[in-house]
Amino acid sequence: MSTDHDHATAGHPVVDAVFTEVARIAPEVRESLLGRRTYEEGENPSGEQQLEADVYADELFEEALLALDGVGSYASEEREGLVEADDTSDDDYHCALDPLDGSSNVKPNNVMGTIVAVYDEPLPAGGDALVAAGFVLYGPLTTMVATCDGQVSEYTVVDGERRVSDTDLSLPDDPVVYGFGGRVPEWTDDFAGYVGLVEDELKLRYGGAMIGDVSQVLTYGGIFGYPMLRHHQQGKLRLLFEGLPVAAIIEAAGGRSSDGERSLLEKTPAELHERTPVFVGNEEYVERLELALE
Ligand code: F6P
């Protein structure tokens, strides 16, 4: 039986309610995949194809989170603009979600996630306004990680409820795995040089859903990154929905994040769907990356 103290989010009732709702909805998202593996006509605001499952999960989260007292707005990777709650106040929290991270993994039936970020300033907001972050991982089990106030809790999600499995998750000291996105010919020479060194020391794990790949790093130690590319200097991942929440989790777990120059948590997006290079992992590997890119 877990206690309130085991929940990283316990000190903030609204934030805790957000994570309770996300856990409640997670089994529904998982079940909704059956029959929603086909593509919609449209694209998301970043120009990626949307699955019926992306749109369905987005609507489930929007409805549930905006219904909570103290949540003032909802933004997601799947929609252009913000949605505001009917009643708002200056004390509200603001939720930014990637409802189904890695949804191209639906067809091959590989892992996917839901990423959640809770800010205490209107969106787009930066790392200084990030109060809590977490993710659900739809793997062989449905698990969840949440960070708040410097603590990282891990849960299994059973029947829509969180069961604590680790009260203070931290990165292992001896890193084992690495995974980097983007096509190799698109990598810069400096980045490719760095990867050459990493390849000699760590073992490749790359699954194409950021949350799955970040979970490998959280579990085994190492580094995950989606770098700047020759034709896309800002890479692929979105700062508000992906970069900031994952940076908060990894940094609270004792690791580091970077956009190649500085912690992602020092950044504030100018617009909701702004992209950034993302690197997260053990301090030693993120530091060496920054040196290699100098
Ligand atoms: O959100 C985009 C995403 O699906 C991430 O989850 C993942 O890390 C990345 O794209 C994979 O991109 P690629 O197919 O280029 O490796």
Side-chain angles (χ1 to χ4, degrees), residues 29-30 33 36-37 39-40 42-55 57-58 61 75-80 96-117 133-139 143-145 177-188 191-192 195 198 204-219 222-250 257-260 264 269 272-281 289:
V29 170
R30 197 174 177 122
L33 299 176
R36 290 192 178 80
R37 294 166 83 187
Y39 284 106
E40 292 271 346
E43 293 178 336
N44 73 14
S46 302
E48 291 161 355
Q49 275 193 299
Q50 278 179 313
L51 283 173
E52 282 179 51
D54 284 311
V55 176
D58 181 36
F61 288 120
S76 103
E77 244 188 55
E78 301 305 330
R79 56 180 78 216
E80 193 74 48
L97 267 77
D98 182 354
L100 258 190
D101 170 63
S103 57
S104 68
N105 273 0
V106 171
K107 272 191 175 286
N109 192 24
N110 277 314
V111 296
M112 288 181 307
T114 292
I115 310 174
V116 186
F135 63 77
V136 177
L137 181 61
Y138 308 100
T143 55
M144 188 168 175
V145 166
V177 299
Y178 74 94
F180 297 119
R183 294 181 57 240
V184 177
E186 282 289 304
W187 289 352
T188 63
F191 181 66
V195 179
V198 172
L204 173 63
R205 287 283 171 94
Y206 188 75
M210 183 185 70
I211 283 311
D213 294 324
V214 166
S215 185
Q216 297 267 9
V217 169
L218 262 176
T219 309
I223 182 164
F224 164 80
Y226 206 108
M228 53 297 286
L229 303 175
R230 287 186 197 279
H231 295 97
H232 296 281
Q233 291 294 313
Q234 298 310 312
K236 178 178 187 190
L237 303 179
R238 270 85 4 163
L239 181 57
L240 190 73
F241 305 108
E242 295 166 309
L244 285 170
V246 158
I249 293 164
I250 294 283
S257 75
S258 179
D259 66 353
L264 289 164
L272 290 178
H273 298 277
E274 185 173 305
R275 298 177 195 262
T276 179
V278 169
F279 302 98
V280 288
L289 168 93

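Start at 1 with the first residue, then count along the sequence. Since this is a predicted model, take the numbers as computed values, not measurements. No hydrogens, no waters, no symmetry mates; every other heavy atom, side chains included, goes into these values. Order of listing sets the numbers, starting from 1, for every ligand and every atom in it.
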Nearest non-hydrogen atom to atom 7 (C) of ligand 1 belongs to which of Gly225, Gly102, Gly208? Gly208

Top protein contact for atom 8 (O) of ligand 1, by heavy-atom distance: Met210 N, 3.3 Å

Search all heavy atoms of Gly182 against all heavy atoms of Leu229 and return the closest pair with its distance. CA-CD2, 4.1 Å

Using a strict 4.0 Å cut-off to heavy atoms of Ala209, name the atoms of ligand 1 that fall inside it. 6 (O)

Can you tell me the protein heavy atom closest to atom 1 (O) of ligand 1 and the distance? Glu242 OE2, 2.6 Å

Using every non-hydrogen atom in the two residues, find where Lys236 and Arg275 come nearest and quote the distance to one decimal. O-NH1, 2.8 Å

Apply side chain to side chain contact (heavy atoms under 4.5 Å, CB included) to the pair Phe224 and Tyr206, showing each step before the final yes or no. CA-CA 9 Å; Phe224 164 80; Tyr206 188 75; 3.9 Å; yes

Shortest non-hydrogen contact from Asp101 toward Met210: OD2-N, 3.2 Å

Counting from 1, what ligand 1 atoms have a heavy atom of Arg238 closer than 4.0 Å? 1 (O), 2 (C)

Please confirm whether Arg183 comes under 4.0 Å of ligand 1, counting heavy atoms of the residue only. no

Quick check: does Lys236 get an N/O under 3.5 Å from an N/O on ligand 1? yes

Can you sort out which atoms of ligand 1 are near Asp101, meaning under 4.0 Å from one of its heavy atoms? 1 (O), 5 (C), 6 (O)

Taking distance alone, with no angle check, do Asp98 and ligand 1 share an N/O pair under 3.5 Å? no

Please round to the nearest 0.5 Å and tell me the distance separating atom CG of Asp213 and atom CZ of Phe180. 11.0 Å

Can we say Asp98 and Arg238 salt-bridge, meaning some charged N sits less than 4.0 Å from an Asp/Glu carboxylate O? no

For the 3.5 Å polar cut-off, considering only N or O atoms, please tell me whether Asp213 and ligand 1 meet it. no

What protein heavy atom sits nearest atom 15 (O) of ligand 1, and how far off is it? Tyr226 OH, 2.7 Å

Between CD on residue Glu80 and CG on residue Leu272, distance to nearest 0.5 Å: 8.5 Å

Can you check whether Tyr206 has an N/O within less than 3.5 Å of an N/O in ligand 1? yes

Polar proximity ligand 1 side, Ile211 side, N/O cut 3.5 Å exclusive: no

Can you tell me how far CD of Glu242 sits from CG of Leu237, rounded to the nearest 0.5 angstrom? 4.5 Å

Between Pro245 and Ile115 the two heavy atoms that sit nearest each other are CG-CG2, 3.6 Å

